Amino acid sequence: MKDAVVIGGGPSGMAAAVRLAEKGYDVAIIERKEELGGILDQCIHDGFGTKIFGTALSGPEFAGSFMERVEKLGISVRLNAYVKSVDAGGGIKKITTVSPEGVDVIKTKSIIYAIGCRERHQFEIKMGGTRPAGVYTAGMVQRLVNLYGILPGRNILIVGGGDVGMIVARHLHLEGAESIMVVFPEEFFAGLPRNAQQCILDFGIPYRPRTIVKEIVGRERVEGAVLVRVDERWNPIPGTEEFYPCDTVVLSVGLIPYAKKLADLGAEIDPRTRGPAVNEFFETTVSGVFAAGNLVQIFDYVDDAVESAYLAAEGVEKFLRGDAKLEKRIIVKAGENVRSLTPHRIEWEDEKPVVAFLRPALEGRAWITVSDGDGQLLKKFFRQYVRPSTLERVEIPREILQDADEVVIDVRGL
């Protein structure tokens with residue numbers, strides 16, 4: 001009987017397991033791949049760990065630091081293990097796994113899901129055309145180049161102006177791609193400004209804003225793509241179609257949490273984040289089942305994803321101890337100019353501030369405000385500059401929430 005089982009061996013899963021094991025709990029990690037580390041084993045650029053470790057690490061270095069702690073703490077790890085089913089009803093939960101060693105059933109008092117997210121594909125963004133070889137997601141390109149030393153093509157079109165798309169563009173440039181073009185529907189890159197400068201502008205990589213791919217052209221192999229200009233609402237502008245020759249198309253068009261497994265358990269799913277609805281300690285609506293990392297919402301930094309794992313571990317500890325919950329939970333709602341928000345409710349009796357993560361829907365100077373259900377202002381946080389590409393983090397003092405049945409978080413531009 002385990003105190004907790006973590007499903008997913010990426011950075012968030014390992015962080016949650018390590019935090020619980022350090023406090024003496026019996027924890028196991030289930031990972032479907034042949035090794036721990038998650039997506040970070042293919043992210044060789046630096047910038048990871050600046051908040052947690054105070055230094056910029058590569059993805060493998062960041063993951064390796066947690067892998068060492070997992071081993072040192074003697075945490076049970078099951079690799080190449082597929083979770084076939086989960087019975088989360090009642091006090092004891094049962095996880096059935098299938099691995100090269102056979103079928104096994106693990107009993108546990110609590111579960112933390114940390115299974116991350118997936119990349120959106122071409123058919124989710126209504127990209128037409130055929131299905132030739134040479135169409136990749138950005139994650140697959142990173143894996144091919146960084147782990148296997150394979151350059152996917154020579155003349156490359158990258159679709160998407162977010163952080164991953166920009167990082168992949170720089171990497172392919174340095175690896176010797178003959179030509180690269182980045183297209184995206186926004187007016188400017190949607191990722192962090194530092195990545196726009198360091199990955200695109202510093203290397204003079206061509207890009208086209210307000211542009212999308214109408215269709216991919218090619219039979220056996222990609223021969224090119226039909227580009228089209230779009231207006232401010234991302235609607236194609238008739239007559240602006242143009243054929244762009246290339247042999248490879250790389251899609252970096254967003255991430256979607258792997259929330260189906262939790263939905264199958266009966267957990268509520270937030271249509272904004274497309275991840276599970278959670279309380280302030282990342283417990284889902286299924287008692288004793290927690291979630292962490294990019295499964296909950298897409299974090300900009302792995303450090304913030306790890307913080308969510310630490311909060312989930314603290315929630316598991318409170319659950320295992322049987323700590324008291326509030327007589328009436330407080331609903332947390334996304335208000336004006338808020339695209340996504342966690343947590344969705346406040347349920348535990350605690351003295352620590354509630355950590356909220358939110359993605360603004362505007363750009364510029366702003367106040368992040370916290371109000372009660374009647375519109376009375378409870379707290380406000382000034383931000384010199386907010387943008388949709390940057391997730392905001394605020395700490396809400398619990399004492400201001402004592403008389404509230406619900407709170408609304410808004411972002412108000414100045």
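Just so you know, these numbers use all the heavy atoms, side chains as well, and skip hydrogens, waters and symmetry mates. Because the structure is predicted, anything quoted here is derived from the model rather than measured.
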> Trp348 and Leu326: side-chain contact (heavy atoms from CB on, under 4.5 Å), yes or no, with the steps?
Replying inline: CA-CA 5 Å; Trp348 294 92; Leu326 300 173; over 6 Å; no
>> Using side chain to side chain donor-acceptor pair (under 3.5 Å), reason through Thr273 and Gln297 one step at a time and then give a plain yes or no.
In response: CA-CA 5 Å; Thr273 63; Gln297 67 173 14; 5.8 Å; no
> Is there a side chain to side chain donor-acceptor pair (under 3.5 Å) between His344 and Asp270 once you walk through the steps?
Replying inline: CA-CA 9 Å; His344 304 81; Asp270 178 3; 2.8 Å; yes
> Can Ser99 and Tyr82 be said to form a side-chain contact (heavy atoms from CB on, under 4.5 Å), step by step?
Replying inline: CA-CA 6 Å; Ser99 70; Tyr82 170 74; over 6 Å; no
>> What verdict does the salt bridge (charged side-chain N to carboxylate O under 4.0 Å, His left out) test give for Lys93 and Asp87, after you've listed the backbone C-alpha separation in whole Å, the side-chain angles of each residue and the deciding distance to 0.1 Å?
In response: CA-CA 6 Å; Lys93 307 175 192 312; Asp87 181 359; over 6 Å; no
>> Between Leu262 and Leu295, is the side-chain contact (heavy atoms from CB on, under 4.5 Å) condition met? List the steps.
In response: CA-CA 10 Å; Leu262 283 168; Leu295 169 62; 3.7 Å; yes
> Between Arg345 and Glu347, is a salt bridge (charged side-chain N to carboxylate O under 4.0 Å, His left out) present by the stated rule, with each step listed?
Replying inline: CA-CA 6 Å; Arg345 61 193 188 279; Glu347 292 186 316; 3.1 Å; yes
> Please walk me through it: do Asp405 and Arg329 pass salt bridge (charged side-chain N to carboxylate O under 4.0 Å, His left out)?
Replying inline: CA-CA 7 Å; Asp405 293 325; Arg329 67 182 184 179; over 6 Å; no
>> Run Phe48 and Phe53 through ring-ring contact (aromatic ring centres under 6.0 Å, His included) and show every step you take.
In response: CA-CA 9 Å; Phe48 302 94; Phe53 300 119; over 10 Å; no
> Please walk me through it: do Ile256 and Cys117 pass side-chain contact (heavy atoms from CB on, under 4.5 Å)?
Replying inline: CA-CA 5 Å; Ile256 299 176; Cys117 56; 5.8 Å; no
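At most 12 non-hydrogen atoms from other residues, nucleotides or ligands lie less than 6.0 angstrom from CD of Glu71. Summarising the local packing, NZ of Lys318 is surrounded by more than 12 heavy atoms from other residues, nucleotides or ligands at distances under 6.0 Å. With a 6.0 Å radius and a threshold of 12 heavy atoms from other residues, nucleotides or ligands, Arg274 has its CZ atom at or below the threshold. Environment of CZ in Arg32: sparse, with no more than 12 heavy atoms of neighbouring residues, nucleotides or ligands closer than 6.0 Å. Counting non-hydrogen atoms of neighbouring residues, nucleotides and ligands closer than 6.0 angstrom, the CG atom of Asp231 exceeds 12 such neighbours. Within 6.0 Å of the NZ atom in Lys94, the count of heavy atoms belonging to other residues, nucleotides or ligands does not exceed 12. The 12-atom threshold is exceeded at CD of Glu399, counting heavy atoms of other residues, nucleotides or ligands nearer than 6.0 Å.
A salt bridge between Glu349 and Lys325 is absent, with no side-chain N of the basic residue lying under 4.0 Å from a carboxylate O of the acidic one. The residues Asp323 and Arg321 are annotated as salt-bridged, a charged nitrogen and a carboxylate oxygen being separated by less than 4.0 angstrom. Between Glu22 and Lys72, no side-chain nitrogen of the basic residue sits less than 4.0 Å from a carboxylate oxygen of the acidic one, so the salt-bridge criterion is not met. The pair Arg398-Glu280 counts as a salt bridge, with a side-chain nitrogen and a carboxylate oxygen less than 4.0 angstrom apart. Ion pairing between a basic and an acidic side chain is recognised when a charged N comes within 4.0 Å of a carboxylate O; Glu392 and Arg383 show such pairing. With respect to Arg359 and Asp300, a salt bridge is recorded, a charged nitrogen being found less than 4.0 Å from a carboxylate O. A salt bridge does not link Asp202 with Arg170: every distance from a Lys NZ or Arg NE/NH1/NH2 to an Asp or Glu carboxylate oxygen is 4.0 Å or more. One finds no salt bridge joining Arg78 and Glu31 here, because no Lys/Arg side-chain nitrogen approaches an Asp/Glu carboxylate oxygen to under 4.0 Å.
Contact check for Leu227 versus Arg208: side-chain heavy atoms found under the 4.5 Å cut-off. Considering only heavy atoms from C-beta on, Ser308 stays 4.5 Å or farther from Thr342 through its side chain. No side-chain heavy atom of Val230 sits less than 4.5 Å from a side-chain heavy atom of Asn235. Contact check for Thr369 versus Leu377: side-chain heavy atoms found under the 4.5 Å cut-off. Val394 has its side chain within reach of Leu358: a pair of non-hydrogen atoms, C-beta onward, lies under 4.5 Å apart. Counting heavy atoms from C-beta on, the side chains of Lys352 and Glu314 come closer than 4.5 Å. When side chains are defined from C-beta on, Ile111 counts as touching Val86, because their heavy atoms get closer than 4.5 Å. Taking 4.5 Å as the limit, every side-chain heavy atom of Val27 sits out of range of all side-chain heavy atoms of Ser76.
If you take CD1 on Ile52 and CG on Asp303, they are separated by 4.5 Å, rounding to the nearest 0.5 Å. Separating the OG atom in Ser110 from the CG atom in Leu20 is a distance of 7.0 Å, to the nearest 0.5 Å. In this structure, the separation between CD on Glu175 and CD1 on Ile156 is 10.0 Å, given to the nearest 0.5 Å. Distance check: Leu251 CG to His121 NE2 gives 10.0 Å after rounding to the nearest 0.5 Å. Atom-to-atom distance recorded for Lys2:NZ and Ile29:CD1 is 10.5 Å, nearest 0.5 angstrom.
If you look at Phe281 and Phe319, their ring centroids are not closer than 6.0 Å. Between Phe189 and Tyr207, the gap from one ring centroid to the other is short of 6.0 Å. Checked against a 6.0 Å centroid threshold, the rings of Phe184 and Phe188 do not count as neighbours. Between Phe299 and Phe357, the gap from one ring centroid to the other is short of 6.0 Å.
Checking Arg221 against Thr248 by side-chain atom types alone, a donor-acceptor pair falls below 3.5 Å.
Evaluation of the salt bridge (charged side-chain N to carboxylate O under 4.0 Å, His left out) rule for Glu395 yields Arg393 as partners, not counting sequence neighbours.
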